[in-house]
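Just so we're on the same page: letters track the sequence lines, and every chain starts at 1.
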Protein chains: 2
Amino acid sequence: MHRKTDLLTIGQLAERSGLAPSALRFYESLDLISSSRTAGGRRRYQRSTLRRIAVVQAAQRVGLTLAEVGAAFADLSSDAAPTRREWERLSSRWQAALDARIEALEKVRDELANCIGCGCLSLRRCSLYNSGDRAARRGVGPRWLLGDDPAVPVAPDGDRR
Amino acid sequence: MHRKTDLLTIGQLAERSGLAPSALRFYESLDLISSSRTAGGRRRYQRSTLRRIAVVQAAQRVGLTLAEVGAAFADLSSDAAPTRREWERLSSRWQAALDARIEALEKVRDELANCIGCGCLSLRRCSLYNSGDRAARRGVGPRWLLGDDPAVPVAPDGDRR
DNA sequence: GCTTTACTTCAAGCGCACTTGACATGTTCT
DNA sequence: AGAACATGTCAAGTGCGCTTGAAGTAAAGC
């Protein structure tokens, strides 16, 4: 056997994580993961990086951007995988976000359900319609400020520039 | 009184829909909405366009892309707002999508809950880790973001904006 | 030694949903 | 009539999460 070390090449990490090598390099450029290098400059990853990637993917499923994940990771002591305590902290925070998101979607679902039989064409009565009509958005700003959240009127001011 | 017609200018439609004029032009370029023009070339919208926009927004909250909304609209008879029957068809279809999405999120939530106390660091055992089931990964991106309103602090306070 | 194969960097591109800017023209108010 | 403002078009830019391509280098296999 030639298992020189426990370190993984980028190809191996790619295969085992399901991500493309380019994605892993990208993550590394965002400091979401880290690597050592061989004498020749090739990346070598610790096995714990797999776990780290799993955490990133969990966060993405929760709906976080990679930047947000990076911010969360910045608090972490280790540069590999979070300790149990850290992971508890992260995951419970993320769970709250997830709950909020689910709740928001459920609200949309209910509005939609309501709407199906509601004679929606009489505008005034329809909750979906009304929440849309008032959906004042922040005039400018990056996409990530745009919420899913239909019902919480964000800023009741019209458009401005 | 100067209510010449029932038609809305783009500014009025923008204000009432909460979308920027540029977004309305963009939607029009995608054939999601339509307008007539004045002699001088300015857009005039029917009031039903508001309803149409509400439908678009509902679809977006469900998680559809504008292209998908456009495809759904292509089946519609009217170019203004859908008839009741059409709306029933659309919305019930969308509701199924929404249900699926909620279910997926609930699964993540449960995994996360499971994970919080699970000694997650022993990889093999962790459902989150193992469900690297990256199946539903169609170029998703940040479309399914959190709400605007960070009632739930997702990222540690280094909040930018 | 020599050929593959896997990797390196850097820059640019993509898809989505828009926004921004430049510049021209219509519409309204006085 | 003239100022003020709303709107028109078109091209390019933005943010996110990557991918793709070009050009070069390292490591593995024979």
So, is [X] close to the [N] phosphate, meaning a side-chain N or O under 4.0 Å from OP1 or OP2?
X: A:Q60; N: D:dC18; result: yes
X: A:T38; N: D:dA27; result: yes
X: B:Y27; N: C:dC18; result: yes
X: B:R44; N: D:dG8; result: no
X: A:T9; N: C:dC7; result: yes

Residue mapping more 5' on DNA chain D - nearest nucleotide basis, B:I10 or A:R42:
B:I10

Tell me the interatomic distance from [X], atom [atom1], to [N], atom [atom2], rounded to whole angstroms.
X: A:F26; N: C:dA12; atom1: CZ; atom2: P; answer: 17 Å
X: A:L13; N: C:dA6; atom1: CG; atom2: C1'; answer: 15 Å
X: A:L24; N: C:dT8; atom1: CG; atom2: C1'; answer: 14 Å
X: A:L8; N: C:dC7; atom1: CG; atom2: P; answer: 11 Å
X: B:L7; N: D:dT7; atom1: CG; atom2: C1'; answer: 16 Å
X: B:E28; N: D:dC10; atom1: CD; atom2: P; answer: 13 Å
X: B:R43; N: D:dA6; atom1: CZ; atom2: C1'; answer: 12 Å
X: B:R25; N: D:dA11; atom1: CZ; atom2: P; answer: 15 Å

Using a distance-only test with no angle check, is there a side-chain donor-acceptor pair under 3.5 angstrom linking B:Q95 and B:S92?
no

Under 3.5 Å, is there a donor-acceptor pair linking the side chains of A:S34 and A:E28?
no

Cation over ring, A:R52 on A:F73, under 6.0 Å and within 45°?
yes

Closest heavy-atom contact between A:I10 and A:P21?
CD1-O, 3.6 Å

Looking at the side chain of A:L66, which of D:dC18, D:dG8, C:dA17 is the nearest nucleotide?
D:dC18

Of the options D:dT7, D:dT19, C:dC18, whose atoms approach the side-chain atoms of A:S22 most closely?
D:dT19

Roughly how far apart are A:S17 OG and A:L50 CG, rounded to 0.5 Å?
6.5 Å

